[in-house]
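Only one structure is covered here, and it is reproduced in the block below.
Heads up: numbering here begins at 1 and tracks the sequence.
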Amino acid sequence: MPSINYKFILKSAFCLTLLFVLNACSFSKISKNSYNNKKKEFSIRNSALCNVQKEIYVAYTEPKKAPMVGMSYRGQGLHREETRSYMRSSDWAEGHKKRYSKDNGKTWSNWESNENEKQEMGDFTQSGGESQSGTGPYDPISNRLIKPVFQRILQGKPETALSILWGNKDRLFWDHGFYQLSDDNGKTWSKAYQLKYEIGADFDPNNWVNKDFLFYNEMYIGNAIVLSNGSVIICATVPVPYHDDEDLTYPSIFPNTYRENCVAGAICFVGKWNKLRKNYDWMTSNAIFLPRKISSRGLVELEISELKNGNLLLIMRGSNAKLNITESPGRKWYSVSKDGGLTWGPVKDLRYDTGEQFYSSATYHKIIRSSKTGKLYWIGNINTTPANGNYPRYPLQIAEIDENKPSLKKSTVTIIDDRGEGESEFVQLSNFSILENRETKDIEIYLTRLGENGGGADVWTANSYKYTLSLFTNIKN
C-alpha cells in the first residue's frame, strides 16, 4: 500500500473530469498560427439510419481553453440541467457552472456556480461524491430516482496526482462508488450510500483518509438501469484476483493496477427495494475479466442495458495500449446475463451481425433505446485502421444493436462525425453527453472536438458541438 503524504495543495474536481481521466494521453506538438472557431458551424449529414445535424453549441472564446458541456434531464418530465466548464490541461476541468430549464431548453435560468461540488480536507481533494450533479433512472417500485455516484479522493494537487499516475509512478488517488435516491423528481437527493463487494470501512465525511476505507471496495462505477422484473442494477469496474505467470509479463496499466495480483474486471450490484428500510438490499454478481495480454487496462466504462428478451447486455471498453496491436487488436467487449444480472457469461469481442470483427479504440461509448423506434443503439468509435490504445478517436458512429445475437447490424452503421480534411490525427470525437429529447424523440449529443485545431497545447482550442440525430422509423433490416 502506498503511504499517504501530506505535502500537496488541494484543488477541486468535477464529475465531468472523471470521464476524461481514463483517456489520459500525450499529444504531439503541432503549431498553429491562427484558429477558426466558426468552421463547420452548421451541417446536415444524411444516411440510411438517420439524419445528423451538427452545429456549434459553445464556441471557444480564447485559444487553449475548451468549453465542456453536460446535458441531462432532471427526473421525469421536461426539466433539464446543463453544466459547463472548460479544460486546458489533460484530465482536469475548471470554472464549473450550471443552469436549469423547465420547458425542455426553450428558456433557461441564470447561470449559477457549480463549485460546491469540490470539497477539500487537509491535503486531499474529493472529486464527485455526494455533491455531484447528474441524475439517474426512475424506479416505479420505490417511486424514486436512483443515481450512481463516483467518488475520487486525490492526494495533493489533482493535476499532479493524475500526471504521476500516467508517468507509471505511485497512484495518489482512490476511487469508490455510491448511489443516491430522490423522492421529489431530482430536486433534492439523499445522502450517498456506499456500494461494497468486500469488508471495509464506510466513508467517513470527517476522515477521508482512513486506510480501511481508501484501499477497500475501490471501483470505477458504471451506469444504472431499472429492469422490467423490478430490480435495479449498477455496474462497476473492480479489481479481480488473477495470477498467471506468463500473463504477468505483459504490460499492466491503470486501472489494471488497482490492486496487486489483480486485473480490472466487471461486476454488477443487483438491488431489490426494501419497503421497511426504504432502501435497496444488494447482491453482487460474479466477476468477469480479460487477461493482461488481451487488455492492458482491463474492462472499463461499462454500459449495461436490458434486451427485449429480458437478457442483460454489458458492453465494455478494453485497451491494447503497449501491447502488440496485431496480436491484441483494439475491440469493444461484451457479456450477457440471463438471470437478471447475477450471473454473467464469458467476455467476447463485439462484432457485426455478419460475424465480422471491427476495430474500436479505448474510448467512451453509450447505449440508448429510442422511444421513437423502440430499437437499441450503440454510439462510439469504430476505426478503419487497427486501434492503438486510445487512438484513433474517429469516426464517431451509431449502429443498431441486434438484440438476438447480440451484435451491431453492419448495414446500419452511420457516421455521426469524422476527422475533417486538414484536421489533426489527434482529433477526438469521444467523451460526449447524450440524451433523447422527450418531445421530438431525437437523440442529442454534446461533444467538444478536442484536437480539431491541432495537437500539443492546441488540442484545447476547440468548440463544443451539438449533434441532433433524427432516426428513421421505416428501416427494414
Side-chain angles (χ1 to χ4, degrees), residues 17-25 91 148 150 165-166 175 177 219-225 234-240 250-258 263-268 287-305 312-323 325 328-336 344 346-351 357-368 377-383 386-399 401 406-408 428-434 445 447 450:
T17 305
L18 303 173
L19 190 61
F20 285 80
V21 101
L22 288 177
N23 296 299
C25 54
D91 305 331
F150 181 87
L165 173 75
W166 304 123
D175 299 337
M219 68 180 72
Y220 192 91
I221 201 164
N223 69 318
I225 62 171
I234 300 176
C235 54
T237 295
V238 302
V240 178
Y250 288 87
S252 193
I253 307 169
F254 181 81
N256 256 358
T257 55
Y258 260 142
V263 293
I267 65 169
C268 287
I288 54 177
F289 67 93
L290 289 174
R292 300 170 185 86
K293 66 181 180 181
I294 296 178
S295 177
S296 58
R297 299 179 68 183
L299 297 170
V300 292
E301 290 178 353
L302 316 180
E303 185 73 6
I304 191 170
S305 58
L312 303 182
L313 173 65
L314 186 63
I315 299 182
M316 302 158 282
R317 161 189 152 176
S319 178
N320 63 356
K322 296 187 178 181
L323 297 175
I325 64 173
S328 303
R331 310 286 190 200
K332 286 296 185 289
W333 304 89
Y334 80 96
S335 179
V336 173
W344 290 89
V347 179
K348 301 178 181 179
D349 62 303
L350 186 63
R351 302 189 180 198
Q357 295 178 297
F358 59 83
Y359 301 117
S360 185
S361 51
T363 51
Y364 185 68
H365 63 109
K366 291 295 288 184
I367 298 175
I368 185 170
Y377 300 92
W378 178 85
I379 298 174
N381 299 123
I382 298 176
N383 312 124
N388 188 354
N390 295 354
Y391 287 93
R393 294 175 181 248
Y394 56 84
L396 178 66
Q397 293 104 322
I398 180 173
I401 293 176
S407 57
L408 301 185
Q428 300 183 33
L429 305 180
S430 55
N431 300 334
F432 48 86
S433 175
I434 182 173
I445 297 174
L447 180 153
L450 299 177

Self-check item: Interatomic distance, L302 atom CG to I315 atom CD1 [nearest 0.5 angstrom]
Solution: 11.0 Å
Practice problem: Report yes if some heavy atom in the side chain of L450 is under 4.5 Å from a heavy atom in the side chain of N431; otherwise report no. | Solution: no
Quiz prompt | Check: K322/S296 side-chain N/O donor and acceptor closer than 3.5 Å | solution = no
Quiz item: Does the side chain of L312 come within less than 4.5 Å of V336's, by heavy atoms?
Solution: no
Practice problem: Give me the one residue out of I253, L323, V263 that meets side chain to side chain contact (heavy atoms under 4.5 Å, CB included) with R292. | Solution: V263
Quiz item: Does the N383 side chain pair with the main chain of S361, one donor and one acceptor, at a distance under 3.5 Å?
Solution: yes
Quiz item: Any side-chain heavy atom of L350 sitting closer than 4.5 Å to one from F358?
Solution: yes
Quiz item: Are I288 and M316 side-chain neighbours, meaning at least one heavy-atom pair lies under 4.5 Å?
Solution: yes
Quiz prompt | Straight-line distance of I398 CD1 to I445 CD1, nearest 0.5 Å | solution = 6.5 Å
Quiz item: So do Y391 and Q428 actually touch side chain to side chain, heavy atoms under 4.5 Å?
Solution: yes
Quiz prompt | Side-chain touch R297/P255, heavy atoms, less than 4.5 angstrom | solution = yes
Quiz item: Would a 4.5 Å heavy-atom cut-off, applied to side chains only, mark R393 and L429 as touching?
Solution: no
Exercise. For the pair N320 (side chain) and S328 (backbone), establish whether a donor and an acceptor sit closer than 3.5 Å, ignoring hydrogens and angles.
Key: yes
Quiz item: Has the side chain of N388 got a donor or acceptor atom that lies under 3.5 Å from a matching backbone atom of I325?
Solution: no
Quiz prompt | Student check: side-chain heavy atoms of W344 and C268 closer than 4.5 Å | solution = yes
Quiz item: Yes or no on side chain to side chain contact (heavy atoms under 4.5 Å, CB included) for N223 and C235, after CA distance, side-chain angles and deciding distance?
Solution: CA-CA 6 Å; N223 69 318; C235 54; 3.3 Å; yes
Exercise. Go through V347 and I294 one step at a time and tell me if the side chain to side chain contact (heavy atoms under 4.5 Å, CB included) criterion holds.
Key: CA-CA 11 Å; V347 179; I294 296 178; over 6 Å; no
Quiz item: Got a second to check how far Q357's CD is from K332's NZ, nearest 0.5 Å?
Solution: 14.5 Å
Practice problem: Mark yes or no for whether Q397, through its side chain, and I382, through its backbone, hold a donor-acceptor pair below 3.5 Å. | Solution: yes
Exercise. Please report the closest heavy-atom contact between P392 and A387, naming both atoms and the distance.
Key: CD-CA, 4.2 Å
Practice problem: Tell me, with the steps shown, if Y359 and R331 meet side chain to side chain contact (heavy atoms under 4.5 Å, CB included). | Solution: CA-CA 5 Å; Y359 301 117; R331 310 286 190 200; 3.8 Å; yes
Self-check item: D349 (side chain) donor-acceptor with W333 (main chain) under 3.5 angstrom
Solution: no
Quiz item: How many angstroms lie between atom OG1 of T237 and atom CD1 of I221, to the nearest 0.5 angstrom?
Solution: 10.0 Å
Practice problem: Specify whether F432 and Y364 have parallel, tilted or perpendicular ring planes, treating 30° as the upper limit for parallel and 60° as the lower limit for perpendicular. | Solution: perpendicular
